[in-house]
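To keep things clear, I will list the structure first and then write my remarks on it.
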2 protein chains.
Amino acid sequence: MGDTPEHTATPVGEPSLDEQVALYQREFQDLDPQVEKVMSALSRLSRRMNVAYGRQTAALGISNAEWEVLKALVLSGAPYRMGPSELAKQLGLTPAAMTHRIDRMTAEGLVTRERDESNRVRVIVELTEEGRSKWLEAMRSASVFEEDLLQDLRAEERGVLGDMLTRLLDRVERLQSRG
Amino acid sequence: MGDTPEHTATPVGEPSLDEQVALYQREFQDLDPQVEKVMSALSRLSRRMNVAYGRQTAALGISNAEWEVLKALVLSGAPYRMGPSELAKQLGLTPAAMTHRIDRMTAEGLVTRERDESNRVRVIVELTEEGRSKWLEAMRSASVFEEDLLQDLRAEERGVLGDMLTRLLDRVERLQSRG
DNA sequence: CGCTTGAACTTTAGGTCTTAAGTCTTCGAC
DNA sequence: GTCGAAGACTTAAGACCTAAAGTTCAAGCG
């Protein structure tokens, strides 16, 4: 979330997915190649997506981390206010990290921070007009990229993919709520 | 990669995927819900997977970051040696970060570091026996988790999913190799 | 040879995160 | 009413990262 390392310009030279699965099998025979292929693909894809999003947000003068905060605030609906703890929970950060992020974003004019006068323990983070417009720009840019990324899949395939991923997500959530 | 925040024990209270897509549409009408669902699913899934892997590796006394290094070394094949720069490239890190990781892993006995006597500018990082056995343990634990995660998908579906993800990966690579 | 260029790695400075230890406010029990 | 406990946020210390400058060695050129 320190965003895209400049270093990672073009991570070439990786083996293809199938080659990589073959390497795994050579070193660890007890492995289902189909499973490994799916997991490796997910893992690579998420890294590439982060790089892509990082470039887009950087082009708008914000970081990926900041974009995450803007997203959460917008999704909360008008008047676009949330407490730091709730933000931290949604983004999977500690409250301490959230404090620092809000510091920076306040300095940049993306959000404001004030005490809740009805309960002075609480703090209210509110999206500014500038923050909202940054979110909109980022969203436009992201949605173009996302459409582009999925262009090789027919509408029907997109539906199937969405369903399968949703099932995986349900399963991982069940696995985590136990273990 | 500082691994799983203790804080992130159970990130509950998130809206369902479809609810989240509906929220996006409310704030940004010009959005294909099918596309957004796929992208949100990928994004959530990768976060959950990282949490899961982090717990598993932590249980073995290593970090996710260290596991990545072990993986790269093992995949390089016997005698499990690589230079820091090549490792950094594969893991998407800067060489500086790699230096520090190798410091730590050397101190923990997972790898050794020595100068290449035939070209004294180069350094050779080599997996130790302990490193290899840690990798094996992590691999066993991960493969059980991965099988478990994909259990709701029939073999045929797994194949379809793997293919679709591979196509996405190809596309994102083409998109990135341009600008 | 000596100098320069370049490559591979390390060091340093600065930033964002986590954990742990405050601080401040609220609320319920004496 | 005051005291203790719990909650929400902040501060402080340490971990790991990036970017940029530094070091060391290899190789080419005059």
Side-chain angles (χ1 to χ4, degrees), chain A residues 1-9 11 47 50-51 54-55 57-58 62-69 81-108 111-126, chain B residues 1-9 11 13 47 50-51 54-55 57-58 61-69 81-108 111-126:
Chain A
M1 301 228 190
D3 293 14
T4 308
E6 183 61 29
H7 174 74
T8 311
R47 185 180 305 176
N50 276 340
V51 170
R55 288 186 186 169
T57 53
I62 63 178
S63 72
N64 243 341
E66 289 167 338
W67 188 36
E68 298 274 325
V69 176
R81 296 165 162 228
M82 292 177 75
S85 312
E86 198 183 344
L87 278 169
K89 208 174 294 183
Q90 287 198 18
L91 303 191
L93 292 180
T94 59
M98 208 59 234
T99 295
H100 297 314
R101 273 200 197 177
I102 295 167
D103 288 347
R104 298 190 294 271
M105 292 179 74
T106 300
E108 292 164 5
V111 301
T112 58
R113 166 163 48 191
E114 57 185 63
R115 288 218 162 267
D116 181 346
E117 287 306 328
S118 71
N119 181 345
R120 299 186 39 75
V121 177
R122 290 176 186 278
V123 168
I124 297 175
V125 178
E126 181 173 336
Chain B
M1 297 218 185
D3 293 13
T4 310
E6 184 60 29
H7 173 74
T8 313
R47 185 181 302 176
N50 276 339
V51 171
R55 287 186 186 170
T57 53
I62 62 177
S63 73
N64 244 341
E66 289 167 337
W67 188 36
E68 299 274 326
V69 177
R81 295 165 163 232
M82 292 177 75
S85 312
E86 198 183 342
L87 277 169
K89 209 173 293 181
Q90 286 199 18
L91 303 190
L93 293 178
T94 59
M98 208 58 234
T99 294
H100 297 314
R101 275 202 195 176
I102 294 168
D103 288 346
R104 299 190 291 272
M105 293 179 73
T106 300
E108 293 165 4
V111 299
T112 58
R113 166 163 45 190
E114 58 186 64
R115 287 217 164 268
D116 182 345
E117 286 308 326
S118 72
N119 180 345
R120 297 183 45 71
V121 178
R122 290 176 186 278
V123 168
I124 297 175
V125 178
E126 181 173 337

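Sequence lines set the chain letters: A, B, ... in the order given, protein chains first and strands last, and positions in each chain run from 1.
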Subject >> Between D:dT10 (P) and A:M98 (CE): distance, integer Å >> reply: 10 Å
Original post:
Within less than 4.0 Å of OP1 or OP2 of D:dA8, is there a side-chain N or O belonging to A:R113?
Top reply: no
**OP:** Using atom CZ of B:R101 as one end and atom C1' of D:dA15 as the other, report the distance to the nearest whole Å.
**Re:** 12 Å
Subject >> Partner residues of B:R113 under the salt bridge (charged side-chain N to carboxylate O under 4.0 Å, His left out) criterion, sequence neighbours left out >> reply: B:D103
Subject >> Protein-nucleotide distance (B:N64, atom CG; D:dC16, atom P), rounded to Å >> reply: 13 Å
Original post:
Which residues satisfy the salt bridge (charged side-chain N to carboxylate O under 4.0 Å, His left out) test with B:D116, sequence neighbours excluded?
Top reply: none
Original post:
Expressed in angstrom and rounded to an integer, what is the separation of A:R47 atom CZ from D:dC17 atom P?
Top reply: 12 Å
**OP:** With sequence neighbours excluded, tell me which residues meet salt bridge (charged side-chain N to carboxylate O under 4.0 Å, His left out) with B:R115.
**Re:** none
Original post:
When the distance from CG of A:L91 to P of C:dT16 is rounded to whole Å, what number comes out?
Top reply: 15 Å
**OP:** Take the protein atom NZ of A:K89 and the nucleotide atom C1' of D:dA8, then report the distance between them rounded to whole Å.
**Re:** 11 Å
Restricting both atoms to N or O, compile the protein contacts to nucleotides 3-5 of chain C shorter than 3.5 Å, with distance only.
none

Subject >> Pairwise side-chain contact, B:T99 with B:P84, heavy-atom cut-off 4.5 Å (strictly under) >> reply: no
Original post:
Please give, in whole Å, the distance from D:dA8 C1' to A:E114 CD?
Top reply: 16 Å
**OP:** Figure out the CG/P separation between B:N50 and C:dT18, and round it to whole Å.
**Re:** 13 Å
Original post:
Hey, does the side chain of B:R101 reach the backbone of B:A65 with a donor-acceptor pair shorter than 3.5 angstrom?
Top reply: yes
Original post:
In B/S/- notation, 5' to 3', how is nucleotides 19-28 of chain C contacted by protein heavy atoms closer than 4.0 Å?
Top reply: B-----BS--
**OP:** Using the test salt bridge (charged side-chain N to carboxylate O under 4.0 Å, His left out), find all partners of B:E117 that sit at least two apart in sequence or belong to another chain.
**Re:** B:R120
Subject >> Residue list, side chain to side chain donor-acceptor pair (under 3.5 Å) with B:E126, at least two apart or on another chain >> reply: B:R81
**OP:** Starting from the C-alpha separation in whole Å, work towards a yes-or-no answer on side-chain contact (heavy atoms from CB on, under 4.5 Å) for A:M98 and A:V69.
**Re:** CA-CA 9 Å; A:M98 208 59 234; A:V69 176; 3.7 Å; yes
**OP:** Quick one: list whatever passes side chain to side chain contact (heavy atoms under 4.5 Å, CB included) with A:A96, sequence neighbours left out.
**Re:** A:T94
Subject >> Among C:dC17, D:dC16, C:dT11, the nucleotide that comes nearest once only the side chain of B:H100 is considered >> reply: C:dT11
